[in-house]
Amino acid sequence: MPVRPQIQDLQAEVIAWRRHLHQYPELGYKEEQTADFIQQKLSQWGIEHQAGIAQTGIVATIPGQEPGPVLAIRADMDALPIQEENEVPYRSRHDGVMHACGHDGHTAIALGTAYYLAQHRADFAGTVKLIFQPAEESPGGAKPMIEAGVLRNPTVDAMVGLHLWNNLPLGTVGLREGPLMAAVDLFECSIQGKGGHGAMPHQTIDAVVVSAQIVNALQSIVARGLDPLDAAVLTVGQLHTGSASNVIADRAWMSGTVRYFNPDLAMETAGLPSVIAAQMDQIITGVCQSWGATAQLKYWHLYPAVINDPRVTDMVRSIATSLVETPLGLVPNCQTMGGEDMSFFLQEVPGCYFFLGSANPSQGLDFPHHHPQFNFDESALALGIEIFVRCAETFNLEVVGR
Ligand code: NI
């Protein structure tokens with residue numbers, strides 16, 4: 001059964017909202033115009049809501065006609081510090097800020113879902129809570145929203161959310177139970193050597209050589225230090241050292257990110273925040289010792305892995321299966337090392353986060369997320385709304401085994 005006509009008819013308006021949001025993108029915790037726009041719509045439709053949660057977040061509540069469980073739907077609202085390079089009439093009017101990840105689409109889908117459900121309260125039991133979340137890109141608005149109590153009054157029983165996904169073609173849905181997106185850790189390491197003349201290395205401790213050895217050695221953690229069945233990645237994204245071609249550098253500084261799915265790897269080990277941090281520290285200390293350098297490692301967790309509940313995922317999977325053309329439309333075992341702070345919500349309540357295919361190469365709509373020419377096929381929006389509406393219509397406590 002395809003997207004219902006009432007939702008298909010809504011699509012033109014949803015696209016207009018998305019384009020408005022796209023024109024006025026705002027960075028994390030600065031989503032003020034965005035929040036005003038959302039509130040204006042919710043008020044216009046008579047939907048009860050509370051704004052200013054975790055600064056710019058909004059929670060809307062739509063009760064169905066019959067009492068029942070509470071399903072939360074989450075949409076993120078923030079943009080990125082990127083200068084848009086798309087030549088479209090609705091291109092960003094905020095210099096250096098761009099919706100380059102599709103969060104404008106997520107907000108428009110959630111608004112479309114709210115509008116439809118508010119008009120069709122007889123078609124679902126219980127309550128639907130719409131959570132408009134700030135600052136997904138950084139520093140993360142999900143945790144502060146949880147701390148502000150968005151999962152209580154009434155208590156949320158399950159949660160769903162989606163990401164428009166240009167890694168998948170339009171008309172597809174990607175999902176899996178268990179880990180969908182990776183845990184995101186960050187690190188910084190400063191190395192202290194001893195500087196000197198470029199022609200007299202024996203009088204120095206060369207921070208360039210030491211840091212290069214460290215970068216190489218760190219790569220062997222994934223290859224040799226972890227169970228090969230535990231996918232992980234360690235990226236040194238920055239390495240700064242040296243100032244002149246005839247000078248041996250006295251210090252170096254690097255930073256990077258570590259990604260993995262297995263939550264066991266996030267456990268504190270040897271006084272460090274994770275299994276991988278402990279191995280990094282051992283390698284960095286060892287390499288430094290062998291040259292007489294010293295180092296300091298800082299390591300912290302940003303987002304945990306996005307772990308989907310098997311039962312809620314079953315519900316979304318069967319809804320998606322009835323909507324997309326199988327077998328190609330449903331992409332099972334979809335997984336990425338990208339991170340998402342939806343993970344904090346999924347640590348609190350069972351839920352399912354999924355990818356909504358949005359690439360259309362024939363129209364040039366297949367640039368990767370976070371690219372200055374990122375854009376997606378807007379006909380994905382109606383499918384997103386249809387899936388969320390069906391989740392509201394389908395969800396009951398049996399889905400979560402209660
Ligand atoms: Ni995103």
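Ligands are counted one by one from 1 in listed order, and the atoms in each one are counted from 1 as well. Keep in mind the model is a prediction, meaning the values are calculated, not measured.
One N or O on the side chain of K129 and one on the backbone of V150 form a donor-acceptor pair closer than 3.5 Å. Checked by atom type and distance alone, the side chain of E26 pairs as donor or acceptor with a backbone atom of Q33 at under 3.5 Å.
Taking the six-membered ring for Trp and the full ring otherwise, H20 and Y24 have centroids separated by under 6.0 Å. Between H120 and F124, the gap from one ring centroid to the other reaches at least 6.0 Å.
Residues D314 and R317 are paired through a salt bridge, judged by an N-O separation under 4.0 Å between the basic side chain and the carboxylate. Checked for salt-bridge contact, E348 and R74 miss the test: no charged N lies under 4.0 Å from a carboxylate O.
Excluding water, every protein N/O/S atom under 2.8 Å from the Ni ion (ligand 1) is given here by residue and atom: C101 SG, H103 NE2, H163 NE2.
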